[in-house]
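One structure is given here, and the rest of the page talks about it.
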Amino acid sequence: MARLFGSNGVRGIVNQEFTIELASGLAAAVGHLLGKDIAVGRDGRTSSPMVRDAVVSSLLSVGCNVHDLGAVPTPALQYMIKHMGWDGGVMVTASHNTPEFSGIKVEAGDGVEVSKDTEAKIEELYFKGDPKPVTWDMVGQVYSYDSMDSYIEAVTSHVDLEAIKERSFKVVLDTGNGVASITAPEIASKLGCEVFTINTEIDGTFPGRGSEPTPENLGALKELMKATDADLGVGFDGDGDRSIIMDEHGVAVWGDSSLSLIADWYMETHPGITVVTSVSTSQRLEQVVEAKGGKVHWCKVGSVLISRAMVDLGAPLGGEENGGIMYGPFLPVRDGAMVMSLLLHIMAERGKPLSELIAEQPMGVKGKDKIPCPNHVKDEVLRRLPEVADAPIVDTTDGVKLIWEDDSWVMVRPSGTEPIARVYAEADTEEKVKQLIEEYKKKASELIESLK
Ligand code: MG
C-alpha cells in the first residue's frame, strides 16, 4: 500500500499531489476512526480555506460534529482538543513548506499527533474507499470558535508571570506572515514584555522571509533586535510549532542548547526524569540530564515520534535540534510560544541574559552535509557501514551513528524521501567536526559506489 503520511502529516502541491479529493477522503477516514467531535484549524495559506471547507464537509458527511477554530497555530488546535475533550482534530497546514504546498496534520484526542499505527489505519480506510456517508438525519453540526484566550491563558499559566513582568524584557518576534501572528505577540505582551514585531500580517504567499525560519533569513529580526537592544528574538515557522531563538546578541540558539537549558532548569525541581530526543541531537544532553539523575531516551528523527515516545514513557520533556521543543506539563507537542515563555521565565529566575545561560550548556560544535545515495542501495549502506567504521559505539536507531568516548560522533542517515544521505557530526572544535564529516562522507561514498 502506498504511503500518504510523511514524517509529519500528509503534504503536497495543492490541486496536483494534494487534491480536494485526497483531503476529503482522508478527512472521512479520520472522522470514522477518531470519533464524533473533531476540531478543525487552518494556517494562513491561500489554499487553506478551500482545503478546510473540503475537510469540514467530509467530516460532517460521515456524521462528525466539527469544532471550527478558524486560522490558528497548530499547538493552539492541539491544546483545544485536549482542553475541550474532543476526539481529535485536523490541522490544514503544510507547516514550513513553500506557498504552493498544502496538507493536513491529524491530532488524536490527547492533543498529540496520531501514532504511526493510526496513520496506517487512516491510509487503509482511505484506499478502501470507506467510510460511507451517513443518512440525512445523522449529518453533523458545525460549531465555530473565534477566541484563543483559553490557549493564551494556559500557556502563560505555566510560567511565573510576575517574575517575568518585573524584568520588562524586550522581545522581537518574526512570525513570518504565519498564524503564530495570532497568538505569539499577545502572549509576549501578557508576559509584560515590550514587543516588537515583523511579518505579522498573515499572508499565504509568505512575502516576508518565507515560511521556514533559518538563521540566514532572520536578518531583519537581527537588525530590529540590535536597534531595540532586545533581550530575546524568536522566528516562528508557518504554523507556529517550530521556532528559532536568538540571544541578545542576535546569535541563533539551536534546539539542543535550548532543550539542554530547559532540562537543566526543570530538573532542579523534577530530578530523575526522562528526556526524549532524536539521535541527531547533541550527545552532550546526556551530561546535563544524567547529572540530575535523569536519562535521555533517544529515538528516530521526527517530531511525532518524540511526542508519542513522551506519551508512552510519561516523559515531561522532549525536543529536536532544529528548534522544536515539547514541554509535557503543558502538552507533549512542539510549541514555539511555550518555548519563548519558558526561556523568559528562566532568564527572569536566573537573572542572566540568554547568551550566558546558553554558554553554560556543554554542547559541542555541530555540522551537517549530504552526499548522493540512490534509493536502491540505502538498506545495504546501513548494513555495511558499521563494517568500515572505526568507533567503540555503533548506534543504529536511525541510520548509523558512531560515538566515541569523548562524546564526539558522526551519523550517516539516508533520507526517507530523496536520493541522498545526510552526514551529521558533533565534536569539540569546528576542525574536528569538518574532519569527521569529510572522513565519513568519503567512507560512505566509496561504499555507495561499490554497491551501484
Ligand atoms: Mg511547523
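The basis for the numbers below is simple: all heavy atoms, side chains too, and nothing from hydrogens, waters or symmetry mates. One-based numbering, in listed order, for ligands and for the atoms of each.
Counting heavy atoms from C-beta on, the side chains of K36 and C64 never come closer than 4.5 Å.
When the N, O or S atoms of D239 are ranked by distance to the Mg ion (ligand 1), OD1 comes first. Nearest to the Mg ion (ligand 1), among the N, O or S atoms that D241 has, is OD1.
D237 contributes OD2 and S95 contributes OG; the angle these two atoms make at the Mg ion (ligand 1) is 90°, rounded to 10°.
Cation-pi geometry between K366 and W409 is not satisfied (NZ or CZ under 6.0 Å from the ring centre, within 45° of the ring normal).
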Exercise for the section: Would you please test E320 and S278 for side-chain hydrogen bond (donor to acceptor under 3.5 Å, both in side chains) and show each step? Expected result: CA-CA 6 Å; E320 34 180 15; S278 62; 5.2 Å; no
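The aromatic ring centres of W86 and Y79 sit 6.0 Å or more apart.
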